[in-house]
J.: 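Next up is a structure, given as structure tokens.
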Amino acid sequence: MNELIYNIAIWLDNTTYSTLLHESYYMYNWVESTHVLTLMVSLGILFLIDLRMLGWAFPDVPASKIADRLNIPMLVGFTVMFITGILLFYAVPVRSAQSVWFRIKMVLLVACAVNAYLFHKRMNESVSSWDSDAKAPKRIRQGAMLSLGFWSIIVICGRFIAYDWYDCQYDQSAFIDFVAGCVDGQTRF
Amino acid sequence: MPTAILGPYTRTILTSAIIAAALMFSFTYARVNVHIELMPFFEWMETTWFGYIGKTWGGAFATIQAGHLVGLGVLGGCVLVSDGRLLGLILTDVPHRTIVDRADTVFFWALVVLLATGIFMACGVAMKIYYLPVYWYKMLALGAGMLFHYFVRRPLLVHDLESINPMILKSTAIASILVWFLVAATGRWIGFSG
């Protein structure tokens, strides 16, 4: 599996546009800046929705209104974030694919998607009974806490990707080699 | 007395004058002298515990940096929701008074997180940022943002929102979004410099 990921990353790395994006100082920085600054739209609004469910923000605004009305701007933010994220991966595919932090980030993104699905499902089933309450029921609050926690760790992992502590070109423990997906005899990092 | 001369927008005009004066000062030769005077302070920042931790443990620095980003995200979310409501773009079926007031509470705590984590980060790379022009642009933008928020936007929005000229409300909302976007953008720029 790790060899397959490595080979796909090498294939991406060999494409002209990957090199162009990586080598373009301004383009790469524009993409990276957009990825980070979109935090204000995507994560900022998501956190406000989560804080509303916990009763820490907008306690006197119906929860369904906050969740419904802010959903679209939030999704626009996440769309931009995902597109720029894919471009950032495409620019540095081999190192990103073998980054421990990138891999943790991807697992957490899946966990966030599952949590968001369950959160909306539970909310739609029960919101009419607690819509105007300052705090959402316990199960919804747990979903909001998980969302806050997961996304905070995702941001931390995103920052850690920039550091080379566990990169494959250095001697690592067998565990790190396995988690990072380092391939025996690999020549490109 | 100033009220008699400047009318109902005394505070707005004075704050704008302070921001304009700071901007003008930053383009004069006097700025160089102040910059030199500040050097011992930045040297001292690096010798503090924050400076020591920031320089020694990259992981701690990056974690605090992530906290800074989360704070920025929440602050940005508050600005977009609150100003988006003033512009009539989102949550139009909720009274703007409710949105503006509640968003302001979260904005305050997000700003506290931003300042606390920002001070820590500044201590870790004090001498690097001392020589970076973009760091000073960011401080200027941050100062302008806080002055604007607490001395222009908030006092204005204390009044009955229905009684305020819609153009003034919308201009305030656009200015608020722009100034905080500038703070975030200059912050990101620091990462590309040096």
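Predicted model only: the values in this text are computed from it and were never measured. To find a chain, count down the sequence lines: A is the first, B the second, and so on, and within it residues start at 1. FYI, side chains are in, hydrogens and waters are out, and symmetry mates aren't considered; it's all heavy atoms of this structure.
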J.: Is the closest side-chain heavy-atom distance between A/F58 and B/V94 below 4.5 Å?
T.: no
J.: Give, as side chain, backbone, both or neither, the part of A/V155 having an atom under 4.5 angstrom from any heavy atom of chain B.
T.: both
J.: Checking heavy atoms, do the side chain of A/L70, its backbone, both or neither come under 4.5 Å from chain B?
T.: side chain
J.: Examine whether an atom of B/L89 lies under 4.5 Å from a heavy atom of chain A, and if so say whether it belongs to the side chain, the backbone or both; otherwise answer neither.
T.: neither
J.: Let me know which of A/I66, A/D60, A/L48 forms a side chain to side chain contact (heavy atoms under 4.5 Å, CB included) with B/R102.
T.: A/D60
J.: Measure the CH2-CG distance between B/W189 and A/N29 for me, rounded to the nearest 0.5 Å.
T.: 11.5 Å
J.: Under 4.5 Å heavy-atom distance to chain A, tell me which part of B/D93 shows up: side chain, backbone, both or neither.
T.: both
J.: Should we say atom CZ of A/R139 is surrounded by more than 12 heavy atoms from elsewhere, each under 6.0 Å from it?
T.: no
J.: Give a yes or no on whether B/Y131 and B/W136 share a hydrophobic cluster (residues Ile, Leu, Val, Met, Phe, Trp, Tyr; joining criterion: side-chain heavy atoms under 4.5 Å apart).
T.: yes
J.: Please classify the contact between B/L80 and chain A as side chain, backbone, both or neither, with a heavy-atom cut-off of under 4.5 Å.
T.: side chain
J.: Has A/W11 got more than 12 heavy atoms of other residues, nucleotides or ligands less than 6.0 Å from its CH2?
T.: no
J.: Count I, L, V, M, F, W, Y as connected when their side-chain heavy atoms are under 4.5 Å apart, and connections chain through other members. Are A/I104 and B/L69 then in the same cluster?
T.: yes
J.: Which residue out of A/I45, A/V36, A/L43 racks up the most heavy-atom pairs below 4.5 Å with chain B?
T.: A/V36
J.: Between B/A62 and A/F160, which heavy-atom pair has the shortest distance, and what is it?
T.: CB-CE1, 3.2 Å
J.: In terms of hydrophobic clusters joined by side-chain contacts under 4.5 Å, are B/V34 and B/I19 together?
T.: yes
J.: Got a sec: does the CZ of A/F78 have more than 12 other heavy atoms crowding it under 6.0 Å?
T.: yes
J.: Check whether B/T105 gets within reach of chain A through its side chain, its backbone, both or neither, counting any heavy atom under 4.5 Å.
T.: neither
J.: Considering only heavy atoms, which portion of A/W151 lies under 4.5 Å from any heavy atom of chain B: side chain, backbone, both, or neither?
T.: neither
J.: Using non-hydrogen atoms and a 4.5 Å limit, figure out which bit of B/A103 sits close to chain A: side chain, backbone, both or neither.
T.: both
J.: What part of A/F47 lies closer than 4.5 angstrom to a heavy atom of chain B: side chain, backbone, both or neither?
T.: side chain
J.: Please round to the nearest 0.5 Å and tell me the distance separating atom CZ of B/R188 and atom CH2 of A/W30.
T.: 12.0 Å
J.: Got a sec: does the NZ of A/K135 have more than 12 other heavy atoms crowding it under 6.0 Å?
T.: no
J.: Give the cluster check for B/F41 versus B/V125: same hydrophobic cluster or not, with ILVMFWY residues linked at side-chain heavy-atom distances below 4.5 Å.
T.: yes
J.: Return yes when atom CZ of B/F50 has more than 12 non-hydrogen atoms of other residues, nucleotides or ligands closer than 6.0 Å, and no otherwise.
T.: no
J.: Name the option with the most non-hydrogen atom pairs under 4.5 Å to chain A; the candidates are B/G58, B/G73, B/G67.
T.: B/G73
J.: Where do A/M40 and B/A184 come nearest, in terms of heavy atoms and distance?
T.: SD-CB, 3.7 Å
J.: Under 4.5 Å heavy-atom distance to chain A, tell me which part of B/V106 shows up: side chain, backbone, both or neither.
T.: side chain
J.: Relative to chain B, which segment of A/P73 carries a heavy atom at a distance below 4.5 Å: side chain, backbone, both, or neither?
T.: side chain
J.: Answer with side chain, backbone, both or neither: which region of A/L46 has an atom nearer than 4.5 Å to a non-hydrogen atom of chain B?
T.: neither
J.: Using a 6.0 Å cut-off, check whether atom CG of B/N33 has over 12 heavy atoms from anything other than its own residue.
T.: yes
J.: Relative to chain A, which segment of B/I90 carries a heavy atom at a distance below 4.5 Å: side chain, backbone, both, or neither?
T.: side chain
J.: Looking at chain A, which one of B/L91, B/T63, B/V74 has the largest number of heavy-atom pairs inside 4.5 Å, strictly under?
T.: B/L91
J.: Residues of residues 161-175 of chain B under 4.5 Å from chain A (heavy atom pairs)?
T.: none
J.: According to a 4.5 Å side-chain heavy-atom criterion applied to Ile, Leu, Val, Met, Phe, Trp and Tyr, with indirect links allowed, do B/M127 and B/F61 form part of one hydrophobic cluster?
T.: yes
J.: Is the CE atom of B/M146 crowded by more than 12 outside heavy atoms at less than 6.0 Å?
T.: yes
J.: Between A/V41 and chain B, which part of the residue has a heavy atom less than 4.5 Å away: side chain, backbone, both or neither?
T.: both
J.: Does B/W109, at its CH2 atom, have more than 12 non-hydrogen atoms belonging to other residues, nucleotides or ligands within less than 6.0 Å?
T.: no
J.: About how many Å separate CZ of A/R159 and CD1 of B/I64, when rounded to the nearest 0.5 Å?
T.: 12.5 Å
